[in-house]
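What follows is one structure encoded as structure tokens, with my remarks underneath.
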Amino acid sequence: MYTPRNPFTPGHLESFTPSQYLARYLYFYQWDNQNSVGHPDTCWRNYHQTLMRSGLCCFGQLKRRLDESLMMLSGIQTGFWEEPKGIHNWLPFAWKRLEELDEGYDHSALWTKTAIERDVEFFQWHRELRPDNLPLFSFQSFKTACRKYGYQPDLELVASCFVLNLNTLRQDWEE
């Protein structure tokens, strides 16, 4: 059973109201910003570069990417974004790779080959997105969503989540 790295990761297909999702989004990314993941030394070997790019290289990074994917999918389900075609292509491979790493195995050569062969399949959905439909918020799109749904976030939390200067953010928030 999957245990998320980030305690604010939504459960698979967990549903939220828009305001609940906006709050969860802030807590998720604040925690993520405060708890970075490093790569073990093995990830810097040549064959791991491809795995790093595809998010399949090591246990910590893989869990981070899975958590982020669940956050994006939850936002899609909540109705903030349209579901991009093929967004689920990477997930089955990620679950399998996580299971393997969790059991103490690391078949890096096989996963590197898979990542190279499936690169387009894994990330085609991202390449086809319009910038305004990427399933993540920019600060401006977050501010617009908060106003649309009447959500009043703690601006210190917003500054922490989006890594912004609090004074500048307060001025921008009022505009």
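Taking a cutoff of 4.0 Å between a charged side-chain nitrogen and a carboxylate oxygen, Asp102 and Arg97 do not qualify as a salt bridge.
Put simply, the side chain of Asn6 never gets that close to the backbone of Trp31: no donor and acceptor are under 3.5 Å apart. Side chain of Gln61 to backbone of Cys58: no donor-acceptor contact under 3.5 angstrom is found.
Within the 4.5 Å cutoff, side-chain heavy atoms of Ser108 are placed close to those of Leu51. With a 4.5 Å cut-off on side-chain heavy atoms, Lys143 and Leu169 do not count as touching. Put simply, the side chain of Pro10 does not reach to within 4.5 Å of the side chain of Leu73, judged on heavy atoms. Taking 4.5 Å as the limit, every side-chain heavy atom of Asp119 sits out of range of all side-chain heavy atoms of Ser54. Proximity of Ser74 to Met71: side-chain heavy atoms (C-beta onward) are nowhere separated by under 4.5 Å. Leu62 places none of its side-chain heavy atoms less than 4.5 Å from the side chain of Trp95. Using a 4.5 Å cut-off on side-chain heavy atoms (C-beta onward), Leu26 and Asp154 make no contact.
Phe93 and Ile116 fall into different hydrophobic clusters, where Ile, Leu, Val, Met, Phe, Trp and Tyr residues are linked whenever their side-chain heavy atoms come under 4.5 Å apart, directly or through other members. In the hydrophobic cluster analysis, where Ile, Leu, Val, Met, Phe, Trp and Tyr join through side-chain heavy atoms closer than 4.5 angstrom, Leu110 is grouped apart from Phe122. Taken together through direct or relayed side-chain contacts under 4.5 Å among Ile, Leu, Val, Met, Phe, Trp and Tyr, Leu155 and Phe139 form part of one hydrophobic cluster.
By the salt bridge (charged side-chain N to carboxylate O under 4.0 Å, His left out) test, Glu103 pairs with no residue at all, sequence neighbours left out. Contacts of Ser15 classified as side chain to side chain donor-acceptor pair (under 3.5 Å), with partners at least two apart in sequence or in another chain: none. Partners of Lys113 under the salt bridge (charged side-chain N to carboxylate O under 4.0 Å, His left out) rule, at least two apart in sequence or in another chain, are Glu117.
If you run side-chain contact (heavy atoms from CB on, under 4.5 Å) between Glu83 and each of Met72, Gln77, His88, only His88 comes through. For the ring-ring contact (aromatic ring centres under 6.0 Å, His included) with Phe8, the lone residue among Tyr29, Tyr27, Tyr25 that qualifies is Tyr27. With respect to Tyr149, the ring-ring contact (aromatic ring centres under 6.0 Å, His included) criterion is satisfied by exactly one of Phe16, Phe142, Phe80: Phe80.
Here salt bridge (Lys or Arg N to Asp or Glu O under 4.0 Å) pairs that include residues 18-27, with residues two or more places apart or in two chains, are Glu14-Arg24. Screening residues 59-68 for salt bridge (Lys or Arg N to Asp or Glu O under 4.0 Å) gives Asp32-Arg64 as the qualifying pairs, with residues at least two apart or on separate chains. Residue pairs satisfying the side-chain hydrogen bond (donor to acceptor under 3.5 Å, both in side chains) criterion with at least one member in residues 164-173, sequence neighbours excluded, are listed as follows: Gln140-Asp172, Asn165-Thr168.
To the nearest 0.5 Å, the span separating OG on Ser69 from CD1 on Ile76 amounts to 9.5 Å. Note that CD of Gln152 and CG of Leu22 are 11.5 Å apart. Values are rounded to the nearest 0.5 Å.
Trp81 has its ring centre less than 6.0 Å from the ring centre of Phe137.
For the residue pair Trp90 and Glu121, no side-chain donor N or O sits within less than 3.5 Å of a side-chain acceptor on the partner. In this structure, a donor-acceptor pair under 3.5 Å is present between the side chains of Ser141 and Ser138.
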